[in-house]
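What follows is a short report on a single structure.
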Amino acid sequence: MQRISLWLTTAVVAAAAVLGARALVAQDAGAQKDSLQVPDGLAFAEFGGYESWQVISVSQTDDMLKAILGNPAMIEAYKAGAPANGKVFPDGARMAKLMWTPKRLPDFPSRVAVPDTLAHIDFMVKDSKRFAATAGWGYAQFDYHPESDTFTPLGTGAACGAACHKIVAAKDSVFTGYAKR
Ligand code: HEM
């Protein structure tokens, strides 16, 4: 009897340790994101809550599946017709572009591409004063490492996308349109 209760106590303690460790890892991943900053650039925490922002649209290249999300200020501006109505996006508008490597949906015979591993997150934030040199937008990219469940910032500064996004200067530097829903 004594041996059984000793065994039970050990099992309970071991299970608690595993759960505790898992919680710590999950907490670490979240905390890791919040402590990240692009040198001389934007902090990951400036985009807190991005995980639950609304979808603006999706896009796909040969090697990436992407979802573009916007915070409420960005979504409201789109719904009001920006940038087609000649209006620019307001200060405080933020976007996140989540990028995954694609895989084939395993349970279905014909080809359906679905997200496999998260690869990068691209962020944009509108602040006309702070980013006057880059048409009012600040840019930041964070690369994801699944093996360690961590992110690392790309490069330095907040202008990584400015040169290319100039192509759509007439649309306030935003390529993506608000997909009909
Ligand atoms: C590394 C810094 C960069 C960041 C943080 C960034 C950020 C973003 C974000 C948030 C979007 C979605 C909103 C939109 O459509 O404008 C986007 C889309 C886009 N960006 Fe950038 N960008 C970066 C660099 C670049 C560069 C260097 C190019 C061109 C070579 C580029 C070309 C595009 C294109 C074509 C789209 C629309 C298609 C798509 O969904 O991917 N970006 N970018």
Side-chain angles (χ1 to χ4, degrees), residues 29 32-103 112-146 150-181:
Q32 196 258 347
K33 278 200 274 191
D34 291 344
S35 65
L36 274 182
Q37 168 121 22
V38 179
D40 298 328
L42 302 174
F44 204 118
E46 292 187 57
F47 301 91
Y50 73 90
E51 299 90 339
S52 50
W53 288 350
Q54 272 192 46
V55 170
I56 296 169
S57 186
V58 295
S59 67
Q60 182 176 4
T61 53
D62 295 342
D63 60 348
M64 283 290 162
L65 280 181
K66 313 176 190 185
I68 295 107
L69 316 178
N71 73 343
M74 191 75 201
I75 299 295
E76 281 321 302
Y78 269 120
K79 285 183 178 166
N85 60 359
K87 289 201 179 126
V88 296
F89 292 99
D91 285 357
R94 287 173 166 78
M95 287 183 284
K97 181 168 81 171
L98 311 182
M99 290 170 272
W100 300 271
T101 55
K103 69 176 179 187
V112 177
V114 292
D116 187 9
T117 309
L118 181 66
H120 318 282
I121 301 183
D122 275 2
F123 290 118
M124 284 168 71
V125 54
K126 188 75 183 283
D127 187 324
S128 317
K129 282 203 194 67
R130 194 174 162 199
F131 306 114
T134 49
W137 288 99
Y139 299 82
Q141 177 167 317
F142 295 92
D143 300 328
Y144 179 65
H145 310 280
T150 59
F151 289 87
T152 49
L154 175 80
T156 60
C160 58
C164 193
H165 280 248
K166 251 192 209 148
I167 296 170
V168 280
K171 294 199 287 182
D172 198 15
S173 306
V174 176
F175 283 99
T176 303
Y178 186 70
K180 178 83 182 146
R181 59 211 64 203

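Everything numeric here is computed off the predicted structure, so don't read it as measured data. Nothing fancy with the numbering, it's 1 onward along the sequence. Read the numbers this way: they start at 1 and go in the same order the structure lists the ligands and their atoms.
- Shown here for Ala77 and Pro90, the closest heavy-atom pair between the two residues is CB-CD, 3.7 Å.
- The backbone N or O of Lys97 sits nowhere less than 3.5 Å from a side-chain atom of Asp122 that would complete a donor-acceptor pair.
- Residue Cys164 does not count as close to atom 21 (Fe) of ligand 1, with no N, O or S atom under 2.8 Å.
- You'll find the side chain of Tyr139 stays beyond 4.5 Å of the side chain of Cys164, heavy atoms only.
- Applying side-chain contact (heavy atoms from CB on, under 4.5 Å) to Met95 and the options Val174, Asn71, Leu69 leaves one that passes, Val174.
- Compare Phe123, Phe175, Trp137 by their heavy atoms: the one nearest to atom 37 (C) of ligand 1 is in Phe175.
- Looking only at protein heavy atoms, the nearest one to atom 24 (C) of ligand 1 is Gly161 CA, 3.4 Å.
- The distance from ligand 1 to the heavy atoms of Val174 drops below 4.0 Å at these ligand atoms: 14 (C), 16 (O).
- In summary, the atoms of ligand 1 found under 4.0 Å from a heavy atom of Gln141, numbered by their order in the structure, are 1 (C).
- The protein heavy-atom contact nearest to atom 15 (O) of ligand 1 is Thr176 OG1, 2.5 Å.
- Residue Ala140 has at least one heavy-atom neighbour below 4.0 Å for each of these atoms of ligand 1: 5 (C).
- Nearest to atom 20 (N) of ligand 1 by heavy atom, out of Met95, His165, Lys166, Met99, is His165.
- Here is the list of ligand 1 atoms found below 4.0 Å of a heavy atom in Ile68: 12 (C), 40 (O).
- Counting heavy atoms under 4.0 Å from ligand 1, residue Ala163 does not touch it at all.
- Inspection of the Asp91 and Ser128 side chains reveals an N or O donor paired with an N or O acceptor under 3.5 Å.
- Contact atoms of ligand 1 toward Ser59: 39 (C), 40 (O), 41 (O) (distance under 4.0 Å to a heavy atom of the residue).
- At distances below 3.5 Å, at least one donor-acceptor pair connects side-chain atoms of Asp172 with backbone N or O atoms of Phe89.
- Side-chain atoms of Gln37 come within 3.5 Å of backbone atoms of Gly41 as a donor-acceptor pair (strictly under, hydrogens ignored).
- Of the possible polar contacts, none joining the Arg94 side chain to the Tyr50 backbone as a donor-acceptor pair under 3.5 Å is found.
- Looking at Leu98, Leu42, Asp122, it is Asp122 that brings a heavy atom closest to atom 7 (C) of ligand 1.
- Closest protein heavy atom to atom 18 (C) of ligand 1: Lys97 NZ, 3.5 Å.
- Under 4.0 Å from ligand 1, heavy atoms of Cys160 appear from its side chain as well as its backbone.
- Ranking protein heavy atoms by distance to atom 9 (C) of ligand 1, first place goes to Met124 SD, 3.5 Å.
- The backbone N or O of Ser173 lies less than 3.5 Å from a partner atom in the side chain of His165, making a donor-acceptor pair.
- Minimum heavy-atom separation, Trp137 to Thr134: O-OG1, 2.6 Å.
- Atoms of ligand 1 found under 4.0 Å from any heavy atom of Tyr139 (numbered from 1 in listed order, with element): 4 (C), 5 (C), 6 (C).
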